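Note sheet for the following structure.
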Amino acid sequence: ATSHHNNNVSTNVSPTSYNPPTNNNANIPQISYSGQPTLQHANGPVISKTPAGQQPQQHLLAQRDRYNSTSSITTQSVVSTSSTPSTTLSTVGSSVPPGFGAAGVDFNRFSTYAYTHTLLSDTDKPIPINELIGTIETPGSEHKREALQKILTIINPNLHSKLKLANFSLDDHFDRLFLPTLDCTKHSEASVRSAAVQLCKLLVQQKPHLCSKHLPTLMRSLLDCCADQQKEVSQNADEALTEVVTHVNSRHCFDLLVADLNSAGISQVQIPIRLIGKLVGKVDPVELEKRIPSFIEALYEGFKHRNADVRKAVVFCLVDIYMVLEDKFNPWLKNLNTSQLKLVTIYINRQQQQREDQPLGGLNSAH
């Protein structure tokens, strides 16, 4: 029966069948909240908003564990202090799965249903890796981003995810995962490209030795993403390339970057120039001196570039080379014009001063 008194709505309905829990929960005090609706099992405690001072997860999980065998739920009272009558919540005869998954109840009155559903879902059940990889590999799949992000969440040790992959070993599944992820860096949707680049970065951090055999394809894909119109994609690609030159074979990276710098039609020259500067300290000085003729002309041209970022990258790269070769690099610097040489000299002096000030800590690059 439903009655209206002073804009309050009260509903009392008995379920068609209800077996009370075996433990004595009837004496548990009802938790009430002024001005907020409450849902209550017959003879049981309220399903309600989280009490003050308690985390939402603790509150919801405690209720789930207490009533995970309950087969139905009844709206015993729905009280609102608003100026207009509240909508009666009806759940009579509805089946409620373990965890109170929403059986016709508008959980938005209490908490976001999506959050509740996710929070109380079975996260301990391992996810078959073949399903996720299959989603990534399938052309035209609408769920590539979700699959990529789920893998990112699972294999990232810093996230401490409760999700697990069934029978998964990154060493055993690396190629099957890595290659379709690289393909996703060319996807038409920016969100997919961004997630793919982030996963590439994480795989480089965790398995650099396995990435090395795919290094040409990896660097080409990431360099292309650096020119992406979506800032999030380009930034993620830049960060991923920094991880590559940090963790993967330095000599191989250096050779690929030099080849890329000398290629025609390159759209983002400052990226390979900057990365070459990061690598010169890891290359044998004798080998570096021999390799200078293979890319110095590209640096000279970059110094004339209309983009200030490119010119800045050239200056820092020349400084990095000088810090390795010192006076042996002077013959190459003499080909700069007066203003260019003056600018490079200023930064060289700054770096040398920084090195003298920190003899034990090593040189901290100003760029």
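Computed from a predicted structure; not experimentally measured. No hydrogens, no waters, no symmetry mates; every other heavy atom, side chains included, goes into these values.
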How many angstroms lie between [atom1] in [X] and [atom2] in [Y], if you round to the nearest 0.5 Å?
{"X": "Leu275", "Y": "Leu257", "atom1": "CG", "atom2": "CG", "value": "5.5 Å"}
{"X": "Ile271", "Y": "Leu261", "atom1": "CD1", "atom2": "CG", "value": "12.0 Å"}
{"X": "Leu152", "Y": "Lys201", "atom1": "CG", "atom2": "NZ", "value": "10.5 Å"}
{"X": "Leu325", "Y": "Leu288", "atom1": "CG", "atom2": "CG", "value": "4.5 Å"}
{"X": "Glu137", "Y": "Leu132", "atom1": "CD", "atom2": "CG", "value": "11.0 Å"}
{"X": "Ser234", "Y": "Leu222", "atom1": "OG", "atom2": "CG", "value": "12.0 Å"}

Min side-chain heavy-atom separation [X]-[Y] under 4.5 Å:
{"X": "Leu148", "Y": "Thr135", "value": "no"}
{"X": "Leu336", "Y": "Leu343", "value": "no"}
{"X": "Val344", "Y": "Phe303", "value": "yes"}
{"X": "Asp260", "Y": "Leu256", "value": "no"}
{"X": "Val324", "Y": "Val283", "value": "no"}
{"X": "Tyr347", "Y": "Leu318", "value": "no"}
{"X": "Val204", "Y": "Leu218", "value": "yes"}
{"X": "Gln352", "Y": "Met323", "value": "yes"}

For a quick test of reading the model, state the closest non-hydrogen atom pair linking [X] to [Y] and the distance between them.
{"X": "Ala190", "Y": "Gln230", "answer": "CB-CG, 3.4 Å"}
{"X": "Glu142", "Y": "Glu146", "answer": "O-OE1, 3.7 Å"}
{"X": "Asn262", "Y": "Ser294", "answer": "ND2-O, 2.7 Å"}
{"X": "His252", "Y": "Asn249", "answer": "N-OD1, 2.7 Å"}
{"X": "Asn337", "Y": "Gln340", "answer": "OD1-N, 2.8 Å"}
{"X": "Leu279", "Y": "Cys253", "answer": "CD1-CB, 3.8 Å"}

Between [X] (side chain) and [Y] (backbone), is there a donor-acceptor pair under 3.5 Å?
{"X": "Arg311", "Y": "Arg306", "result": "yes"}
{"X": "Asp238", "Y": "Cys226", "result": "no"}
{"X": "Gln206", "Y": "Ile155", "result": "yes"}
{"X": "Lys144", "Y": "Val192", "result": "no"}

Original post:
Are Ile292 and Trp332 close enough, and set up right, to give a side-chain contact (heavy atoms from CB on, under 4.5 Å), and what steps lead you there?
Top reply: CA-CA 9 Å; Ile292 288 177; Trp332 304 104; 3.7 Å; yes

Original post:
Stepwise, does the side chain to side chain donor-acceptor pair (under 3.5 Å) test hold for Arg145 with Gln149?
Top reply: CA-CA 6 Å; Arg145 179 179 61 84; Gln149 289 181 336; 3.1 Å; yes

**OP:** Can you tell me which residue pairs pass the salt bridge (Lys or Arg N to Asp or Glu O under 4.0 Å) test with a partner in residues 333-348, sequence neighbours excluded?
**Re:** none

**OP:** Could you note down all residue pairs passing salt bridge (Lys or Arg N to Asp or Glu O under 4.0 Å) where residues 183-196 supplies at least one of them, sequence neighbours left out?
**Re:** Arg193-Asp228

Subject >> Stepwise side-chain contact (heavy atoms from CB on, under 4.5 Å) test for Gln198 and Glu232 >> reply: CA-CA 10 Å; Gln198 290 180 64; Glu232 181 183 4; 4.2 Å; yes

Original post:
side chain to side chain donor-acceptor pair (under 3.5 Å) with His187: which residues, sequence neighbours excluded?
Top reply: none

**OP:** List in chain and number order the residues that pass side chain to side chain donor-acceptor pair (under 3.5 Å) with Arg251, two or more places apart in sequence or in another chain; answer none if no residue qualifies.
**Re:** Asp255, Glu287

Original post:
Is there a side-chain contact (heavy atoms from CB on, under 4.5 Å) between His305 and Val269 once you walk through the steps?
Top reply: CA-CA 10 Å; His305 202 281; Val269 292; 4.3 Å; yes

Original post:
If you group Ile, Leu, Val, Met, Phe, Trp and Tyr by side-chain heavy-atom gaps below 4.5 Å, do Ile346 and Phe329 land in one group?
Top reply: no

**OP:** Spell out, yes or no, whether Val233 and Met219 are grouped together once hydrophobic residues are joined by side-chain heavy atoms under 4.5 Å, including indirect joins.
**Re:** no

Between the side chains of [X] and [Y], is a donor N or O closer than 3.5 angstrom to an acceptor N or O?
{"X": "Asn236", "Y": "Ser194", "value": "yes"}
{"X": "Gln354", "Y": "Arg350", "value": "no"}
{"X": "Asp175", "Y": "His214", "value": "yes"}

**OP:** Have a look at Leu202 and tell me which of Asn156, Thr181, Val197 forms a side-chain contact (heavy atoms from CB on, under 4.5 Å) with it.
**Re:** Asn156

Original post:
side-chain contact (heavy atoms from CB on, under 4.5 Å) between Leu177 and Leu203: does it pass, once the steps are laid out?
Top reply: CA-CA 10 Å; Leu177 175 60; Leu203 292 174; 4.3 Å; yes

Original post:
Taking only residues two or more places apart in sequence, or in another chain, which ones meet Ala259 in a side-chain contact (heavy atoms from CB on, under 4.5 Å)?
Top reply: none

Original post:
Got more than 12 heavy atoms from elsewhere within 6.0 Å of NZ, Lys207?
Top reply: yes

**OP:** Determine which pairs satisfy ring-ring contact (aromatic ring centres under 6.0 Å, His included) with at least one residue from residues 269-302, sequence neighbours left out, and list them in order.
**Re:** Phe254-Phe295

